[in-house]
Amino acid sequence: MSIEEIFHQYLDSKVFRDREKLLPDYVPEELPHRDEQIVTLAKVLAPALTGSRPSNVFIYGLTGTGKTAVTKYVLRKIREKAQHKVDYVYINCRQNNTSYRVLAELAKHLGVKVPFTGLALGEVMKRLVQGLERHRGIIVVVLDEVDNLVKRNGDDVLYFLTRVNEELTSSKVSVIGITNDLKFTEFLDARVKSSLGEEELVFPPYNAVQLEDILRRRAREALKDGVVDDEVLKKVAAIAARQNGDCRLALDILLKAADIADREGADKITQVHVDKARNEIEKNLAVDIIKTMPLHVKLVLASIYLLSRDNSSRMITTGLIYDKYKELASKLGMEPVTSRRISDIINELDIVGIINARVISLGRYGRTKVVSIGVPLKNVEEGLASDSILKTLFGIG
DNA sequence: CATCCACCGGAACGCCGGGTTT
DNA sequence: AAACCCGGCGTTCCGGTGGATG
C-alpha cells in the first residue's frame, strides 16, 4: 500500500467520526453514572468559589472507574465559574515519580523557574512558596496515582503541600490525592494521613449496564452513525465488566476494534473485530509480562510450555515441571533452584494468569499441583522467544 | 479405615544489588 | 568511602494433608 493510499484511506474512514474521543485521556462533556461522585466532589470544592480553602480530598477506586475524569471534570467547571480565582494543577505521579519532578511540575505551572535537576529539594520548596504567594488565589493540586510517588519517595511532598498554607497569606492550596491502592494510607505519616484525608471519596466499579451506556454515548461521538450495533457494545461491556468494571478497558477494546475494522476497510464493527481487539490487548499484556520475567521464572514457564506441547495426554504436575526445569537448566549449564522455589514460581505464574494451577490429590500417589497454560500458546512462545538464550537453545518460536 | 505418597506452604534466614545516609 | 537499609530471590528445615489404595 502506498503512502498516498494509506493517507487516503485514513481521511476517508468509514468508521471514525472523531477518533480522539476514544483515547484514554479524553474527558467527555458528560460523565454518566458518576453523578454521586461529581456532586460530592463539587460540594467539597465549592467553598473555593467564595475564597475559602476546600478540604483536601483522597480518592480511591480501581482502574477505569472514572477517578481522573471526574476530578478533571469538576475542576474545570469550578475554574470556569470562578474565573482566575481558582486554578488547578494536574500532576501524574507515575510519569513524575520523584519528589523533585512533582515539585518541578508544579513550579512550571506557576511560572516559577526551576532547573530540571540540581536544586536541593528545600530550595525548590522555598521558590514554590513564593510562586504560590504571587498567584493570589486558590490552587488545587491533583496528584494522580500518588501511591507511586509515596512508595518510592516517601510523603515529604504531601507533607509540604498540606502544610504550606501556614506560610501563605494571599493564596491557598488544597490537595487531591488519587490512588487505586486501597491500603495505600499505610505508607503515610499520621499527620499527612489526617490532613489529606479530610474528605474521602470512593469510586465503585461500573456494572455491565452502565458500561454499555457509556460506550454507546462515546460511540456516538467518536464513530459514524450505524457503525456499531448494540449487540457489539453489549459484548464489549460484558468483557470489561468481568475485569472489575474497568471502563478504560472497555473504551480501549472499542477503539482497537474500530481500528481493526477501519484498517480492513469495513463499514461496521462486528463481534469478530471485538474478538480480535481483545486478543490483541490480552496478547500484548501476556507477552509483556513474560518478557520482563526473571530467567528462572522464564525457564519454569518454558518447561510448562514444552510439557504441554509435547505430551498433551499427561497431566502436568509440579514434579514433572521440576524435572523438566532441571533438564533445561543443565543444558544451559546453570544451577537449578530448589523445588521449594519452583513451588513459589508456579504460584507467581498462576497469580498473573499466565498459567492455571490447582492442587489435587492422587491418593497413594501424593498431593500435587496440576498446571495448564492459561493464555494462547503462541503468546507464551512469543514472550519466551524474546529471550535470546531461550530462543537459541530450545528452538521456541 | 489406616496408611502413605508427593508434594504443599509457612518460618526463618542468608545473600546480593541498589540506593541512601553519614 | 564506609555504613546502613531495603526488597527480592533463594535456601534449609519441616510440619501438614486429601484421598486412592491395600
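Proteins come first, then strands; the chains are lettered A, B, ... in the order of their sequence lines, and each starts at number 1.
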- In whole angstrom, what separates A:Ile316's CD1 from B:dC7's C1'? 17 Å
- Query: Think A:Thr338 has a side-chain N or O under 4.0 angstrom from the OP1 or OP2 of C:dT11?
  - Reply: yes
- Lys/Arg N to Asp/Glu carboxylate O, A:Lys291 vs A:Asp387, below 4.0 Å: no
- Of the nucleotides B:dG9, B:dT3, C:dC9, which one has an atom closest to the side chain of A:Pro294? C:dC9
- Query: Quick one: is the NZ or CZ of A:Arg34 closer than 6.0 Å to the six-membered ring centre of A:Tyr206, and within 45° of its axis?
  - Reply: yes
- Item | Nearest-Å distance for atom pair CD/C1', residues A:Glu348 and C:dC9 | 9 Å
- Task: Would you please confirm or rule out a distance under 4.0 Å between OP1 or OP2 of B:dC7 and any side-chain N or O of A:Arg367?
- Result: no
- Item | Side-chain N or O of A:Thr368 closer than 4.0 Å to phosphate OP1/OP2 of B:dA6 | no
- Item | For atom CD1 of A:Ile342 and atom C1' of C:dT12, their distance in whole Å | 16 Å
- Message: Can you confirm whether or not the ring centre of A:Tyr88 sits under 6.0 Å from the ring centre of A:Tyr90?
- Response: no
- Query: NA contact type, A:Asn347, heavy-atom cut-off 4.0 Å: base, sugar-phosphate, or nothing?
  - Reply: sugar-phosphate
- Message: From CE of A:Met293 over to C1' of C:dC9, roughly how many Å is that when rounded to an integer?
- Response: 15 Å
- Task: Using only side-chain N and O atoms of A:Lys369, determine if any of them is under 4.0 Å from OP1 or OP2 of B:dA6.
- Result: no
- Query: Which listed nucleotide (C:dG10, B:dT3, B:dG10) is nearest to the side chain of A:Arg340?
  - Reply: B:dG10
- Item | A:Tyr26 and A:Glu20: side chain donor to acceptor below 3.5 Å | no
- Do the side-chain N and O atoms of A:Glu133 and A:Thr169 include a donor-acceptor pair separated by under 3.5 angstrom? yes
Would you tabulate the pairs of protein nitrogen or oxygen atoms and nucleotide nitrogen or oxygen atoms of nucleotides 5-7 of chain C closer than 3.5 angstrom?
none

- Distance test, side-chain N/O of A:Ser361 to OP1/OP2 of B:dC7, below 4.0 Å: no
- Query: Whole Å only: how far is the CE atom of A:Met315 from the P atom of B:dA6?
  - Reply: 13 Å
- salt bridge (Lys or Arg N to Asp or Glu O under 4.0 Å) with A:Glu30: which of A:Arg218, A:Arg220, A:Lys77, A:Arg217? A:Arg217
- Determine whether the side chains of A:Asp144 and A:Thr68 contain a donor N or O and an acceptor N or O closer than 3.5 Å. yes
